[in-house]
Amino acid sequence: MHSSSKETTASWPLRIYSVVSLLIGVYLAIGGVWLIVEGGSLYYAIAGASLIISSLFLYFKKRLGVWVFAVLFLATLGWTIWESGLDYWRWVPRMGVPVLLAFVLALLLPGFNFSKRTSFSFAGAFLVIFLGAFAMAFVPSNWIYNAPAPAVGSSEIQLGASNGINNINPNDWPVYGRDNNASRFSPITDITPENVSSLKRAWVYRTKDIPPKRYGAETTPIKIDDTLYLCTARNQLVALKAHNGEEIWRYDPKVADEDIPYTAACRGVAYYKTPANSDIKPQSSPSDAITARACNERIISGTLDGRIIAVDAQTGKPCNDFGNQGEVDIKKNMGKTPSGFVAITGVPVIVQGVIITGHQVLDGQRRYAPSGVIKGFDAQTGELLWAWDMVKPYIDKLPPEGETYTRGTPNMWTTATGDNDLGLAYLPMGNSSADYWSSSRTAAEFKYATSLVAMDVNTGKPAWSFQTVHKDVWDYDLGSQVSLIDYPTDAGTVPALVLPSKQGDIYILNRETGEPLTGVEERTVPVGGVGPEKRANTQPFSTFHTLRKPDLTAKDMWGVTLFDQLACRIQFQSASYDGIYTPPTTDQHWIQYPGYNGGSDWGSVAIDPSRGVIIANYNDMPNYNRLVSREEANERGWKPRDEIAHDEGGPEGAGDPQQGTPYAVNVNAGWRLGFTGLLCKQPPYGGIRAINLADGSTLWDRPLGTARNNGPFGIASGLPLTIGTPNNGGSVVTQSGLIFIAAATDNLIRAININTGETVWQDVLPAGGQANPMMYRENGKSYLVIVAAGHHFMETEPGDYVIAYALDD
């Protein structure tokens, strides 16, 4: 009786193990059969059946169960080697669960008449394997290193010298992209790879402006003389002392929360100084004249409710000679513009005294949303100088009486770049309203959507345009600001520009004519899907450089375990996917890769002209999408935002109604599993790359971002594993050979050595750093500044921090 009791007690661990193993086998077998039906791998069904057989034998204490498991384990190892090679991240889901099962089973071997020595030897071996594999996660992988950056002064490529670059105070950061060429290049040399480890926080300023939802200011301050100027999430304008961050003045334009579009973004402000030979126009009163003279230097910014604001740079008071008491409303003559539908999130660009600003039109709501009309205003008076309505090119300023600007046309939600010498503004255009359905678009919309348009600032008419996606139904808006360079060719140096795109291609164009200076090929792409008659048979591909990775395969599907990896492989096999530009479908999901966050997005690229290097951070994530019939969308209650009682503020594209088209759209941005919240594609999910401007070759490429703020079920792992996270925001590159960037979801700001790609300094931010950093010098000291406000879409912590770093004295 006593012996029987001991035997029964000893059997419980084995039976528990057998039941758990059996359940795992059942899951793998059922899921594996489903995967086979979808045309996928045979492994999971075979492994599931083998595990079921092994579990049954083990439950009844049959030694054969151990041998069946051993064969399964060895087969799994062989399959993993065949599918994964030396790719570490592929080994994680394939071998993690089998090694854990093997470890526990090894401890149970004495129950099958194996010696304890054998049991402990195998258990110890599997424990070492498991711990060793876990330790390997801390070793960065997916790094490419081909060559260091060229030497300083070796490049024949320079920034656009005729575009005001020589007039910039080297101590300042006077415009959003640092200079008129949007280079994001700082001439600072005293912070170096050798001493950057001494960088410490010099001062911190709190804006006290954190929206309750849709937060994410994305702000880059500018610096003029001894003052920083910036805008907060809800467009409050602030001036700070550059040496200590002390507030000088603040102006609040009173933007309401309901006016926040997709994100409460104000990426920056513009500075304008009245030319010395400009006459101040007569004012209605002596006090207005005094105010006008005070506004000889002014800060100009857009707002989330569609206004352009001009305030005095010294006092923050509105410039009464500008528009209506210091502001103009860009929504005039647009027709119905519900709150949040028309918002200025980019930075106004000023070219030859003309303010050019586009605006965001809230995506996914209606086919005939407010117009994407581009307007030019006098920087001194706020007078409307011209308006470009692509569908009604006969409009010079205002539409005919009783009409509005054409609704639903492509808009420019990002930031333009101005060429003061040529009198052109380069507008990265987005898509028509209802991104994922194109059958009602006009010829003009097809021509200008997802194109770079060179706008003549004196006429308000396009000088040329270059399209990066034909008949776009993938939300591949041009989000990046272009950078202006002087580019050597066989015919001599040519004024040029660098154009990054969301699909990853980087183009170099003649900025006078729009002609490509490097190779562009029209390649055949998939057709079909919904509206096949509107799909383009070919798309342009840059042969100079692309950030895009190879097309996805089933082997790229990922998870922390076999379980979620299997679920992702089933989703992959059941979806429509023929590579990039797979057309939208409604009867099944389709995979979009890269997703709508790029490639390169609004953070843009940085250019080091002294070395001839492009620094480009990028996202490497797919989207998992489906067009939803109008009937199903109505059943789900998907309506435009202005027709719903409460706005929850979800990810862009997730249940967007696209009213006025036959289909709504459901976008799974990043392609995440609903249960774990993890992405279905294996890491890395984002990276940063150094590119040789001379020939487009990759110098180095590395993942950007760690897993410290990410994990399953939304639980931060706290682990410094370099997985390469999604990122939003760009970088600054210095003459001394450093790249400063935050952007990733791990709340770190980094300094990266331009020659090696290695991180040489980092600091933990108190909130997400989804913004572009900037640098300047004041009183003989160099400063690095980042706005840490978090980002709702990136799921980083909200904040209101402006943080300045300097070398520790």
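Formation of a donor-acceptor pair under 3.5 Å by the Ser451 side chain with backbone atoms of Lys447 is found in this model. Under the 3.5 Å distance criterion, the side-chain polar atoms of Tyr436 are left unmatched by any main-chain donor or acceptor of Asp475. At least one donor-acceptor pair under 3.5 Å links the side chain of Asn772 to the backbone N or O of Gly603. The main-chain N or O of Tyr618 is found under 3.5 Å from a side-chain atom of Asn727 such that the two form a donor-acceptor pair.
Tyr596 and Tyr476 have their aromatic ring centers separated by at least 6.0 angstrom. Between Phe713 and Phe675, a ring centre-to-centre spacing shorter than 6.0 Å is recorded. A ring-centre distance under 6.0 Å is found for Trp474 and Tyr581.
Evaluation of the side chain to side chain contact (heavy atoms under 4.5 Å, CB included) rule for Pro684 yields Asn142, Pro703 as partners, not counting sequence neighbours.
Residues Glu652 and Arg641 are not paired through a salt bridge, judged by the lack of any N-O separation under 4.0 Å between the basic side chain and the carboxylate. Taking a cutoff of 4.0 Å between a charged side-chain nitrogen and a carboxylate oxygen, Asp556 and Arg90 qualify as a salt bridge. The pair Arg548-Asp620 fails the salt-bridge criterion, with no side-chain N (NZ, NE, NH1 or NH2) lying under 4.0 Å from an Asp/Glu carboxylate O. The residues Lys534 and Glu445 are annotated as not salt-bridged, no charged nitrogen and carboxylate oxygen being separated by less than 4.0 angstrom.
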>> The test is ring-ring contact (aromatic ring centres under 6.0 Å, His included); show your working for Phe466 and Tyr507 and say whether it passes.
In response: CA-CA 10 Å; Phe466 176 84; Tyr507 306 87; 5.2 Å; yes
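A 4.5 Å side-chain heavy-atom check between Ile615 and Val605 finds every atom pair outside the cut-off. Between Tyr577 and Trp590, the closest side-chain pair of non-hydrogen atoms is not below 4.5 Å. At a threshold of 4.5 Å between non-hydrogen side-chain atoms, the residues Thr582 and Gln592 do not count as touching.
Aromatic ring pairs are classed by plane angle as parallel below 30°, tilted from 30° to 60° and perpendicular above 60°; the pair Phe572 and Trp671 is parallel.
Cation-pi geometry between Arg626 and Tyr663 is not satisfied (NZ or CZ under 6.0 Å from the ring centre, within 45° of the ring normal).
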